[in-house]
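Everything below concerns the one structure shown next.
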Amino acid sequence: MYGLVNKAVQDLIVTQFGQDKWEAVKEKAGIDIDTFLSMKSYPDDITYSLVGAAAEVLDLTPARVLEAFGEHWTLYTAKEGYGELLEMSGSSFVEFLQNLDNLHVRVALSFPELEPPSFRCSDVTENSVRLHYESHREGLAPMVVGLLKGLGKRFDTTVDISLEASKDQGHTHDEFLIRFEKRT
Ligand code: HEM
């Protein structure tokens with residue numbers, strides 16, 4: 001994945017746990033890269049190793065690290081120059097979800113080797129939506145949960161997420177049922 005992702009993992013660990021923990025994570029992951037370059041594409045293994053090492057160093061499950069990472073991503077991208085893109089992508093929680101593929105199409109204009117996920121909404125009601133998540137990558141559903149929680153905060157919306165079908169259990173893709181309510 002692009003260095004922007006690895007930098008966001010670094011930012012999450014440094015800001016929430018401190019520089020020492022980040023050094024320990026890099027060492028455990030066996031990664032000898034001083035500075036990730038946002039616009040350079042790195043092997044996915046690097047990102048997965050960072051997550052695995054962070055789980056060990058911080059005594060969390062890998063799923064918990066991925067979820068925290070997903071939640072951090074919505075804040076990190078906003079401060080790294082993608083705030084306008086986030087703003088263009090929707091003015092409510094559900095509108096934003098419906099625009100996720102368009103968002104990544106725009107991201108791909110500056111990241112030509114992007115291998116983005118794909119999201120589709122179905123069964124949209126006033127306070128629920130079924131979100132279909134497709135990716136060629138494995139094991140990132142907890143990251144999506146974190147992303148959805150981060151987006152809930154962004155839109156002042158309470159979200160309740162359940163993974164109703166998963167690739168891990170043989171389904172073609174992951175499917176989340178999300179109940180949401182805008183806070184007034
Ligand atoms: C402006 C904000 C965003 C930017 C700049 C961005 C950019 C990226 C980039 C660079 C990657 C790595 C893919 C690769 O290198 O091949 C990625 C992956 C991903 N993005 Fe986004 N993204 C943004 C917002 C979002 C949001 C709001 C979601 C919410 C669901 C999302 C969901 C994902 C997921 C789940 C992946 C992991 C890759 C996979 O599933 O295969 N992104 N994105």
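As the structure lists them, so they are numbered: ligands from 1, and atoms in each ligand from 1. Atoms considered below: every heavy atom in the structure, side chains included; atoms not considered: hydrogens, waters and symmetry mates. For the single chain, residues carry numbers from 1 onward in sequence order.
- Taking only nitrogen or oxygen atoms, main chain and side chain alike, Ser135 reaches within less than 3.5 Å of ligand 1.
- Looking at atom 18 (C) of ligand 1, its nearest protein heavy atom turns out to be Pro117 CD, 4.1 Å.
- Side-chain atoms of Asn127 do not come within 3.5 Å of backbone N or O of Arg179 as any donor-acceptor pair.
- For atom 9 (C) of ligand 1, the closest non-hydrogen atom on the protein side is Leu114 CD1, 3.6 Å.
- Using a 3.5 Å distance cut-off with no hydrogens or angles, the side chains of Thr158 and Arg183 do pair a donor with an acceptor.
- Geometrically, ligand 1 and Thr74 share no nitrogen or oxygen pair separated by less than 3.5 Å.
- Put simply, the side chain of Val57 does not reach to within 4.5 Å of the side chain of Trp22, judged on heavy atoms.
- Of the protein's non-hydrogen atoms, His104 NE2, 3.1 Å is the one closest to atom 22 (N) of ligand 1.
- Side-chain contact, Asp101 with Ser118: a donor N or O sits under 3.5 Å from an acceptor N or O.
- Electrostatic pairing of Glu134 and Arg120 does not count as a salt bridge here, judged by no charged N lying under 4.0 Å from a carboxylate O.
- Set against the non-hydrogen atoms of Glu115, the atoms of ligand 1 under 4.0 Å away are 14 (C), 16 (O).
- The distance from ligand 1 to the heavy atoms of Val5 drops below 4.0 Å at these ligand atoms: 11 (C), 12 (C).
- When the heavy atoms of Phe111, Trp73, Phe96 are ranked by distance to atom 27 (C) of ligand 1, first place goes to Phe96.
- For NZ of Lys153, the number of neighbouring non-hydrogen atoms (other residues, nucleotides, ligands) closer than 6.0 Å is 12 at most.
- The closest protein non-hydrogen atom to atom 38 (C) of ligand 1 is Arg137 NH1, 3.2 Å.
- Every atom of ligand 1 is numbered from 1 in the order shown, and the set under 4.0 Å from a heavy atom of Tyr133 is 35 (C), 39 (C), 40 (O).
- Not a single N or O atom of His136, backbone or side chain, sits closer than 3.5 Å to an N or O atom of ligand 1.
- Of the possible polar contacts, one joining the Arg137 side chain to the Glu115 backbone as a donor-acceptor pair under 3.5 Å is found.
- Using a 4.0 Å cut-off between charged nitrogen and carboxylate oxygen, Asp174 and Lys167 do not count as a salt-bridge pair.
- Those atoms of ligand 1 that come under 4.0 Å of a heavy atom in Leu86, given as number and element, are 1 (C), 2 (C).
- Residues Tyr42 and Asn6 are in side-chain contact: their nearest non-hydrogen atoms beyond the backbone lie under 4.5 Å apart.
- Taking CG from Leu85 and OG from Ser110, the interatomic distance works out to 8.5 Å, rounded to the nearest 0.5 Å.
- With atom 28 (C) of ligand 1 as the reference point, the heavy atom nearest to it among Thr77, Leu100, Asn99 is part of Leu100.
- Between Glu113 and ligand 1, no N or O atom pair is found at a separation short of 3.5 Å.
- When non-hydrogen atoms are compared, ligand 1 lies under 4.0 Å from neither the backbone nor the side chain of Leu148.
- Close approach of ligand 1 to Met143 is summarised as follows: ligand atoms under 4.0 Å from at least one heavy atom of the residue are 34 (C), 36 (C), 37 (C).
- At a heavy-atom distance under 4.0 Å, no atom of Leu97 approaches ligand 1.
- In this structure, Asp11 pairs ionically with Lys79, as a charged nitrogen and a carboxylate oxygen lie closer than 4.0 Å.
- Summary of contacts: the protein heavy atom closest to atom 3 (C) of ligand 1 is Leu103 CD2, 3.7 Å.
- On a distance-only criterion, Tyr2 and ligand 1 share at least one N/O pair closer than 3.5 Å.
- In the displayed structure, Arg130 atom CZ is contacted under 6.0 Å by more than 12 heavy atoms of other residues, nucleotides or ligands.
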